[in-house]
Amino acid sequence: MEIIVRDNADQMSRSAATVVARVLNSKPNAVLGLATGSTPLGLYKELIRMHKDEGLDFSQVTTFNLDEYVGLTKKHPQSYHYFMHENLFKHINIPTQNIYIPSGTTDNYEAFCEWYEDQIERCGGIDLQILGIGSDGHIAFNEPTSSLGSRTRIKTLAKQTIDDNARFFDSAEEVPIYAITMGVGTILEARKLLLLANGRAKAAAVAAAVEGPVTSMITASALQLHHEAMAIVDREAASSLRMLEYYEWIQAKMPDAP
Ligand code: F6R
């Protein structure tokens with residue numbers, strides 16, 4: 001995995017936006033996999049700025065979101081539909097019909113999950129998947145012990161995730177218990193993976209994901225199996241990495257690399 005360490009969350013977001021822009025510039029009809037939560041907010045702000053100031057074009061882009069809470073309607077302020085609309089989609093020129101987000105209110109979850117996987121395939125697969133990481137090491141809502149071959153399905157959220165996400169709700173009791181989420185196997189099929197993490201609260205999870213064994217206890221560790229996975233983290237999230245000096249040495253030597 002390529003590890004890029006930035007001084008702070010702003011720099012992390014700007015570097016991530018550069019990676020996204022590079023993909024869009026080389027493939028204007030790219031398929032992006034998107035995450036929600038607090039981590040990618042700065043990235044989305046920077047993409048909006050690039051769209052407005054530099055003409056970054058989303059008119060041919062298709063997006064697939066990782067997950068959605070079960071039971072929240074699209075209009076619920078804590079739904080990921082609402083989050084994506086408010087924090088990205090309404091500010092850029094992406095056609096509505098190119099936006100895919102798992103449904104939290106379908107009558108038939110099994111059929112929906114199968115349909116979602118089919119749509120990813122029909123669109124040619126995901127070119128770049130953006131990922132955050134939970135403090136329990138999850139990617140999307142693949143909680144500890146999720147199969148590393150899992151596909152889109154319903155997962156029961158771990159207590160720690162419910163507690164972590166309670167900050168967005170009035171109380172922990174209001175956080176939905178179930179989510180519909182892309183599987184680890186689905187995520188690993190994307191052509192490139194970009195994991196973002198900032199803040200000290202993520203340091204242990206980042207270290208376990210990057211340097212620990214590949215294990216379903218830390219589903220982000222599955223990124224080690226991918227041939228084009230990159231993690232951009234800020235200094236605090238990098239603070240428990242044993243090989244930090246090596247990653248920084250690689251970065252410093254990058255311009256001269258053959
Ligand atoms: C959200 C998602 C989750 C978050 C993770 C970190 O779509 O897939 O895995 O990325 O829970 O959340 P934040 O960024 O809020 O710390």
Side-chain angles (χ1 to χ4, degrees), residues 8-10 12-13 16 32-45 63-70 72 74 76-89 99-104 116 120 126 128-146 148 150-169 172 175-188 190 193-206 208-209 216-223 229 231-234 236-237:
N8 52 50
D10 273 359
M12 174 198 77
S13 301
L32 298 178
L34 299 177
T36 55
S38 45
T39 310
L41 278 172
L43 160 64
Y44 296 153
K45 263 197 194 123
T63 60
F64 284 90
N65 263 80
L66 287 167
D67 40 23
E68 177 60 285
Y69 288 117
V70 166
L72 299 195
K74 292 180 182 179
H76 191 291
Q78 297 313 331
S79 76
Y80 289 166
H81 277 82
Y82 188 88
F83 174 101
M84 289 308 303
H85 184 71
E86 288 301 307
N87 292 299
L88 183 64
F89 297 143
I99 296 170
Y100 294 84
I101 304 177
S103 168
Y116 202 69
I120 297 175
I126 293 171
L128 173 67
Q129 175 67 59
I130 308 295
L131 297 163
I133 182 169
S135 58
D136 64 359
H138 69 218
I139 44 173
F141 276 135
N142 293 287
E143 299 289 29
T145 70
S146 289
L148 300 186
S150 51
R151 313 300 307 188
T152 304
R153 69 213 184 291
I154 290 203
K155 280 298 290 181
T156 307
L157 298 185
K159 184 78 177 57
Q160 186 171 342
T161 301
I162 291 175
D163 291 347
D164 287 350
N165 291 0
R167 69 190 193 279
F168 299 115
F169 293 79
V175 183
I177 291 169
Y178 303 104
I180 176 165
T181 178
M182 273 190 210
V184 182
T186 320
I187 292 167
L188 289 179
L193 302 179
L194 174 55
L195 180 87
L196 303 178
N198 63 279
R200 202 160 292 276
K202 298 293 174 67
V206 167
S216 64
M217 287 301 287
I218 304 282
T219 52
S221 67
L223 268 68
I232 306 182
V233 300
D234 78 348
E236 288 188 350

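We use all heavy atoms of the structure for the numbers below, so side chains are in, but hydrogens, waters and symmetry mates are not. Counting starts at 1 for both ligands and their atoms, following the listed order.
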Could you check atom 14 (O) of ligand 1 against the protein and tell me its nearest heavy-atom contact, residue, atom and distance included?
Thr39 OG1, 2.4 Å
Kindly state whether the ring of Phe169 and the ring of Tyr69 have centres lying under 6.0 angstrom apart.
yes
For ligand 1, note which part of Asp67 has a heavy atom under 4.0 Å away: side chain, backbone, both or neither.
side chain
Per-residue contact class, Ile133 against ligand 1 - non-hydrogen pairs under 4.0 Å
backbone
Under 3.5 Å, sequence neighbours excluded: what are the donor-acceptor pairs made by side chains of residues 193-204?
from	atom 1	to	atom 2	distance (Å)
Lys202	NZ	Ile133	O	3.0

Output the distance between atom OG1 (Thr36) and atom CD1 (Ile101), rounded to the nearest 0.5 Å.
9.0 Å
Gly132 backbone acceptor or donor facing Thr39 side chain under 3.5 Å
no
Heavy-atom distance to atom 10 (O) of ligand 1: which of Ala35, Gly132, Gly33 wins?
Gly132
Please tabulate, one pair per line, all N/O donor-acceptor pairs under 3.5 Å involving side-chain atoms of residues 137-144, not counting sequence neighbours.
from	atom 1	to	atom 2	distance (Å)
His138	ND1	Asp136	OD1	3.0
His138	ND1	Glu143	OE1	2.8
His138	ND1	Thr161	OG1	3.3
Asn142	OD1	Arg153	NH1	3.0
Asn142	OD1	Arg153	NH2	2.8
Asn142	ND2	Ile139	O	3.0
Asn142	ND2	Met182	O	2.9
Glu143	OE1	Thr161	OG1	3.2
Glu143	OE2	Ala158	N	2.9
Glu143	OE2	Thr161	OG1	2.6

Does Arg167 have a heavy atom less than 4.0 Å from any atom of ligand 1?
yes
To the closest 0.5 Å, what do you measure between CG (Leu88) and CZ (Phe83)?
9.0 Å
Which ligand 1 atoms does Gly37 reach within 4.0 Å, using its non-hydrogen atoms?
14 (O), 15 (O)
Please check whether Tyr80 reaches ligand 1 - meaning an N/O of the residue sits under 3.5 Å from an N/O of the ligand, judged on distance alone.
no
Looking only at distance, does Ala140 have an N or O less than 3.5 Å from an N or O of ligand 1?
yes
Minimum heavy-atom distance between Leu188 and Ala222, given as atom pair plus value
CD2-O, 3.5 Å
Side chain or backbone of Leu66 under 4.0 Å from ligand 1, or both, or neither, by non-hydrogen atoms?
side chain
Out of His138, Met182, Met84, Gln160, who gets a non-hydrogen atom closest to atom 5 (C) of ligand 1?
His138
What residue and heavy atom of the protein are closest to atom 16 (O) of ligand 1, and at what distance?
Lys202 NZ, 2.6 Å
Could you pull out the closest heavy-atom pair between Leu223 and Ala229, with the gap in Å?
O-CB, 3.7 Å
Could you identify the single nearest non-hydrogen protein atom to atom 1 (C) of ligand 1 and state the distance to 0.1 Å?
Thr36 OG1, 3.1 Å
